K.L.:
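Got a structure for you, written out below as structure tokens; questions coming shortly.
Since the model is a prediction, treat every value here as computed from it, not as a measurement.
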Amino acid sequence: MHARRRWAAGAASATLTTALLIAVSPAASATPTGCTAQFATETRGAYSLCTSGTGEHRIRVLQRHFLPEVGLIPIEGPWQPVGTVSYTGITPHTTVSMWVETRG
């Protein structure tokens, strides 16, 4: 009889612990998806927009300065939630690359 009580108490404790862990664990977050990056030529800028998922995104642009000794110019927009535009102004230098950075 004593072993059965121990087993029952252990099983109840394990069940309670599992239930508590499930109750307090944060909801899973999905990184932003459906993201696009585009130039805004009329305002000399670049922007990104993500349309689904959760988390945040921002536009990133890498440009090359016309003076070789200056090198590359990294430009980034502010972190924005999904459904909101991240915009940044850019320089008139040559654009090397542009992409959307995300975080969940």
K.L.:
Counting only N and O atoms by type, is there a donor-acceptor contact under 3.5 Å from the side chain of Ser86 to the main-chain atoms of Ser48?
P.N.:
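No.
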K.L.:
Do Pro78 and Gln80 make a side-chain contact, defined as non-hydrogen atoms from C-beta onward lying under 4.5 Å apart?
P.N.:
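Pro78 reaches Gln80 side chain to side chain.
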K.L.:
With rounding to the nearest 0.5 angstrom, report the OG1 to CD1 distance, Thr91 to Ile73.
P.N.:
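It comes to 4.5 Å.
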K.L.:
For a 4.5 angstrom cut-off between non-hydrogen side-chain atoms, does Ile59 reach Met98?
P.N.:
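Answer yes - side chains close enough.
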K.L.:
Rounded at 0.5 Å granularity, tell me how far OG1 in Thr94 sits from NE2 in His65.
P.N.:
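Thr94 OG1 to His65 NE2: 10.5 Å, rounded to 0.5 Å.
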K.L.:
Side-chain contact, heavy-atom cut-off 4.5 Å: Val96 with Leu72?
P.N.:
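They are in contact (side-chain heavy atoms under 4.5 Å apart), so the answer is yes.
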K.L.:
Compare every heavy atom of Cys50 with every heavy atom of Val100, then report the nearest pair and how far apart it is.
P.N.:
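Heavy atoms only, the tightest pair is CG1-SG, 4.0 Å.
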K.L.:
So for atom CZ, which belongs to Arg103, do other residues, nucleotides or ligands contribute more than 12 heavy atoms lying within a distance under 6.0 Å?
P.N.:
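Buried by this count: over 12 neighbours within 6.0 Å.
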K.L.:
Can you find a pair of side-chain heavy atoms, one from Phe39 and one from Thr95, that are under 4.5 Å apart?
P.N.:
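Yes. Closest side-chain heavy atoms under 4.5 Å.
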K.L.:
Rounded to the nearest 0.5 Å, what separation is found between the CD atom of Glu76 and the CG atom of Leu62?
P.N.:
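One gets 11.5 Å once the value is rounded to the nearest 0.5 Å.
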K.L.:
To check you understand the geometry: which heavy-atom pair defines the closest contact between Gly53 and Val82, and what is its length?
P.N.:
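Taking Gly53 first and Val82 second, the nearest heavy atoms are O-CG2, 3.7 Å.
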K.L.:
Heavy atoms, side chains only, cut-off 4.5 Å: are Tyr47 and Thr88 in contact?
P.N.:
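Of all side-chain heavy-atom pairs linking Thr88 with Tyr47, none is under 4.5 Å.
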K.L.:
Identify the two heavy atoms, one from Pro68 and one from Phe66, that lie closest to each other, and give their separation to 0.1 Å.
P.N.:
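Shortest heavy-atom contact: CD-O, 3.4 Å.
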K.L.:
Can you give me the closest heavy-atom contact between Gly83 and Leu49, atom names plus distance?
P.N.:
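The answer is C-CD1, 3.7 Å.
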K.L.:
Does a side-chain heavy-atom distance below 4.5 Å link Val61 with Trp99?
P.N.:
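Val61 does not reach Trp99 side chain to side chain.
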K.L.:
When you compare the side chain of Thr102 with that of Cys35, does any pair of heavy atoms fall below 4.5 Å?
P.N.:
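With C-beta onward as the side chain, the pair touches.
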K.L.:
Return yes if some donor-acceptor pair links the side-chain N/O of Gln63 with the main-chain N/O of His93 below 3.5 Å, else return no.
P.N.:
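Checked: pair present.
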